[in-house]
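Take a look at the structure below.
Below, chains carry the letters A, B, ... as their sequence lines are ordered, and counting in each starts from 1. Below, each value reflects all heavy atoms present in this structure, side chains not excepted, and no hydrogens, waters or symmetry copies.
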Amino acid sequence: MPLKRRIPQLLIHLVFILFSLSCIIPLISVLSVSFSSEVDILKNGYSLFPRVFDLTAYAYVLYRPIQLLGAFKISILVSVIGTFLAVLAMAGIAYTLSRPDYKYKNKLSFYVFFTMLFNGGLVPTYILISNYLHLKNTIWVLILPYLAVPWFILLLRSFMQKIPFHIIESCMIDGASELRIFFQIILPLAKPGLATVALFTMLQYWNDWWLSLLYIEEERLVPLQYMLYRMMNNISFLTSSTNMMPPGLKNVELPSESARMAMAILAAGPMLAVFPFFQKYFVRGLTVGAVKG
Amino acid sequence: MNKIPFIPSSRHFKKNLQLSLLALPAFLIIFVFSYLPMGGIFIAFKNINYSDGILRSPWVGLENIKFFFTSNDAWMVIRNTLLYNIVFIAVGTFLSVVFAIMLNEVIRRSWLKAYQTIFFFPYFFSWIIVAYMAYSFIGPYGILTTWIEKLGFESFDFYSETWVWPILLTLINIWKGLGYVSIIFYAGILGISQEYFEAAEIDGASRLQVIRNITVPLLMPLITIMTLLSIGKIFYSDFGLFFFVPREVGQLFPVTQVIDTYVYRMLKVSGDIGMSSAVGLFQSVMGFIVVLFSNYVVKRIDDDNKLF
């Protein structure tokens, strides 16, 4: 395409670079505060680059990190178990829905997607989970409610509908059972779709604060995001009464401003480090999702 | 049903049974966590007290709903929810489409990739992390707050000024979703057949003419669907945005309280089950009506773009 007919590249890049900066700078500012000296912060405020480079916040956060490690453990456990079970459950129903010859296809589709249009609301759900299912203060309450998300089922179904039906047909003629077709043929063929949904699901579990906000009161079950929330107004949640300042740092001001940001970095870090590598799966998922189902 | 005629009906039965089995785990999860709560809608019409239990608590009819609508909060939370959503949908959709079109104009692939990756960043952050980020700018020691003071202005406490929050929340919400939504539209543009663009090129159309007469009209179905999906959720808000980012400052409630945060606070903070469930039911029913209505409107205008 002739260059002069295009929109000036410079203008586009200018807008995009500005927006890119707005995406990166907040991260830098949080990072910078976490590496700043508390005394300097209280005197001069936050800055985009640490004026006085200081690791006290990390020393404080990572000194006897029992609470922190506990929260990490819960978050990792929930993300891993949750993602595994969710992908399996959703792949199962998505495959069944993708089969044009399944007898109850339309009824089951309606059953799944009606929940996108209407729901019982927070109170009945809350009472059901806490008073009848007795899931409050268990790790399962952080996992079970997200095991079958209609939107992801829709996405997986679109992926599976692209698998040519004659492959399934020939397996049936060879006498393979449906379960065997699903596990040995469909799952391997749907790998890109499964990877996409697995990533979305894992992000949802890792970033979730909603379920813990509602159903977790016990200290040992607090996941990372919820811990961050509780620290927002009160840093003392980070430390138990026995957990004081590291020995070398006695008599120093409690680094509450910087320690809080250090925690945010530790919580956001793992996802941020991993996800850019899987970005193509996200883009693919969005592309399929955009196609009407 | 008779797609594979040479398979006997006993096999059909077995096939349907096994397929049903595969769907069963998700079926049960949806039943327990989506359909059972629907059965609890009646709670909104009861005066729940723990000594009688949920089933035996006395019926009060529409009392709870009446109580909500006669309170000062009703107008405030409904107005906030709807206004924010309207602004989010209008500004968000417009900017996302503009970004998608601009992404399509980027010539160098390496730049395109870099932008896509970076634009996705905000999507990866939870609302709590976003709240921390916002705080690092506008908190008492925040970068912006410090600058304002350094420039000689009076010190400004963002967390007690109501007028800035509609702007802040809109900016933050757009910022978080722009990368994500613009890539959906960008994928839509990539899906447009190249023939249209080539034909326009031969006819000597300028780039802007191509965008106005080809890209935007052909993207319209996708824009309609995305907008409809958002309108269908117009009575729902992003809880995290309105709950965490303003740090639960009560002073800001007039501009930050939305239906979702209101229902949550009624339940968990005030412990008012009746009110909370009544407002929740109002939200569900209105949401349902809005979805059906917007789908009906689209069906009338252009049957191909309807959702169901």
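Side-chain contact check for B:Tyr236 and A:Asn119: at least one donor-acceptor pair (N or O, by modelled atom type) lies under 3.5 Å. A donor and an acceptor atom, one from each side chain of B:Gln283 and B:Asp260, are located under 3.5 Å apart. Looking only at atom types and distance, the side chain of A:Glu257 has a donor-acceptor partner in the side chain of A:Tyr46 under 3.5 Å away. Side-chain atoms of A:Arg99 and A:Tyr95 include a donor-acceptor pair closer than 3.5 Å.
Going from atom CG of A:Leu117 over to atom CZ of B:Phe288 covers 6.0 Å, rounded to the nearest 0.5 Å. For the atom pair CD1 (B:Ile289) and OG (B:Ser294), the distance works out to 11.5 Å, reported to the nearest 0.5 Å. Put simply, OG1 on A:Thr96 and CZ on A:Arg157 are 12.0 Å apart, with the number rounded to the nearest 0.5 Å.
Proximity to chain A (any heavy atom under 4.5 Å) is shown, for B:Val290, by neither the backbone nor the side chain. For B:Ser126, the parts lying near chain A are the backbone and the side chain together; criterion is any non-hydrogen pair under 4.5 Å. Only the side chain of A:Tyr132 comes within contact range of chain B, judged by heavy atoms closer than 4.5 Å. If you measure heavy-atom distances from B:Tyr264 to chain A, the contacts under 4.5 Å come from both the backbone and the side chain. In this structure, chain B has a heavy atom under 4.5 Å from the side chain of A:Leu203, while its backbone stays farther away. A:Asn131 touches chain B through its side chain: at least one heavy atom from C-beta onward sits under 4.5 Å away, while N, CA, C and O do not. With a 4.5 angstrom heavy-atom cutoff, A:Ser177 touches chain B via backbone and side-chain atoms both. When heavy atoms are compared at a cutoff of 4.5 Å, A:Leu214 approaches chain B by way of both its backbone and its side chain. Using a 4.5 Å cut-off between heavy atoms, B:Ala44 does not touch chain A at all. Interface remark: A:Ile153 contributes side-chain atoms only to the contact with chain B (heavy atom separation under 4.5 Å). For B:Phe27, the parts lying near chain A are the backbone and the side chain together; criterion is any non-hydrogen pair under 4.5 Å. Heavy-atom distances place the side chain of A:Leu128, and not its backbone, under 4.5 Å from chain B. Residue contact with chain B, scored on non-hydrogen atoms closer than 4.5 Å, involves the backbone of A:Ser47 exclusively. Of the atoms belonging to A:Ile186, not a single heavy atom falls under 4.5 Å from chain B. Within the 4.5 angstrom heavy-atom criterion, only side-chain atoms of A:Ile129, from C-beta onward, approach chain B. Contacts between A:Leu48 and chain B at a heavy-atom distance below 4.5 Å involve backbone atoms as well as side-chain atoms. Both the backbone and the side chain of A:Ile17 come within less than 4.5 Å of a heavy atom of chain B. For a residue to count as touching a neighbouring chain, one of its non-hydrogen atoms must lie under 4.5 Å from one of that chain's; by this rule B:Trp127 touches chain A with backbone and side chain alike. Contacts between B:Glu149 and chain A at a heavy-atom distance below 4.5 Å are absent for every atom of the residue. Of the atoms belonging to A:Tyr146, not a single heavy atom falls under 4.5 Å from chain B. With a 4.5 angstrom heavy-atom cutoff, A:Trp206 does not touch chain B via any of its atoms.
Ranked by heavy-atom pairs under 4.5 Å with chain B, the list A:Phe118, A:Tyr104, A:Phe182 is led by A:Phe118. Interface check for chain B: of the options A:Leu88, A:Leu122, A:Leu213, A:Val112, the most heavy-atom pairs under 4.5 Å are formed by A:Leu213. Chain B forms more heavy-atom pairs under 4.5 Å with one residue of A:Ile265, A:Ile127, A:Leu85 than with any other, namely A:Ile127. Options B:Thr146, B:Leu190, B:Ile128, B:Ile29 differ in how many heavy-atom pairs under 4.5 Å they form with chain A, and the most are formed by B:Ile128. Annotation: maximal heavy-atom pairing with chain B below 4.5 Å, among A:Leu27, A:Ile181, A:Val33, occurs at A:Leu27. Chain A forms the most heavy-atom pairs under 4.5 Å with one residue out of B:Ile43, B:Thr145, B:Leu103, and that residue is B:Leu103. The candidate with the highest count of non-hydrogen atom pairs below 4.5 Å against chain A, out of B:Phe42, B:Phe121, B:Tyr135, is B:Tyr135. Ranked by heavy-atom pairs shorter than 4.5 Å toward chain A, the options B:Ser136, B:Pro122, B:Gly240 are led by B:Ser136. Heavy-atom pairs under 4.5 Å with chain B peak, among A:Ile24, A:Asp208, A:Thr115, at A:Thr115. The residue among B:Leu144, B:Leu21, B:Leu178 with the most heavy atom pairs within less than 4.5 Å of chain A is B:Leu178. Between chain A and the residues B:Gly287, B:Gly142, B:Gly280, the most heavy-atom pairs under 4.5 angstrom are made by B:Gly142.
Close placement of the A:Trp209 and B:Phe244 rings is indicated, their centers lying within 6.0 Å of each other. In this structure, B:Phe119 has its ring center closer than 6.0 angstrom to the ring center of A:Phe16. For an aromatic pair to be called close, the ring centres must be under 6.0 Å apart, and B:His12 with A:Tyr102 fails this. Residues B:Phe31 and A:Tyr111 place their aromatic rings such that the two centres sit no closer than 6.0 Å. Between A:Phe19 and B:Phe99, the distance separating the two ring centers is shorter than 6.0 angstrom.
Between B:Phe235 and B:Val285 the shortest side-chain heavy-atom distance does not fall below 4.5 Å.
Ring-plane geometry between B:Tyr180 and B:Tyr123 is classed as parallel, the angle between the planes falling under 30 degrees on a 0 to 90 degree scale with a further cut at 60.
Listed for the A:Ser75 side chain is a donor-acceptor partner under 3.5 Å among the backbone atoms of A:Leu224.
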Passes side-chain hydrogen bond (donor to acceptor under 3.5 Å, both in side chains), A:Asn207 versus A:Gln225? Steps please. CA-CA 6 Å; A:Asn207 275 347; A:Gln225 302 290 339; 3.3 Å; yes
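Taking the charged nitrogens against the carboxylate oxygens, B:Asp238 and B:Lys176 have no contact shorter than 4.0 Å, which rules out a salt bridge.
Of all heavy-atom pairs between A:Met261 and B:Tyr132, the closest is CE-O, 3.5 Å.
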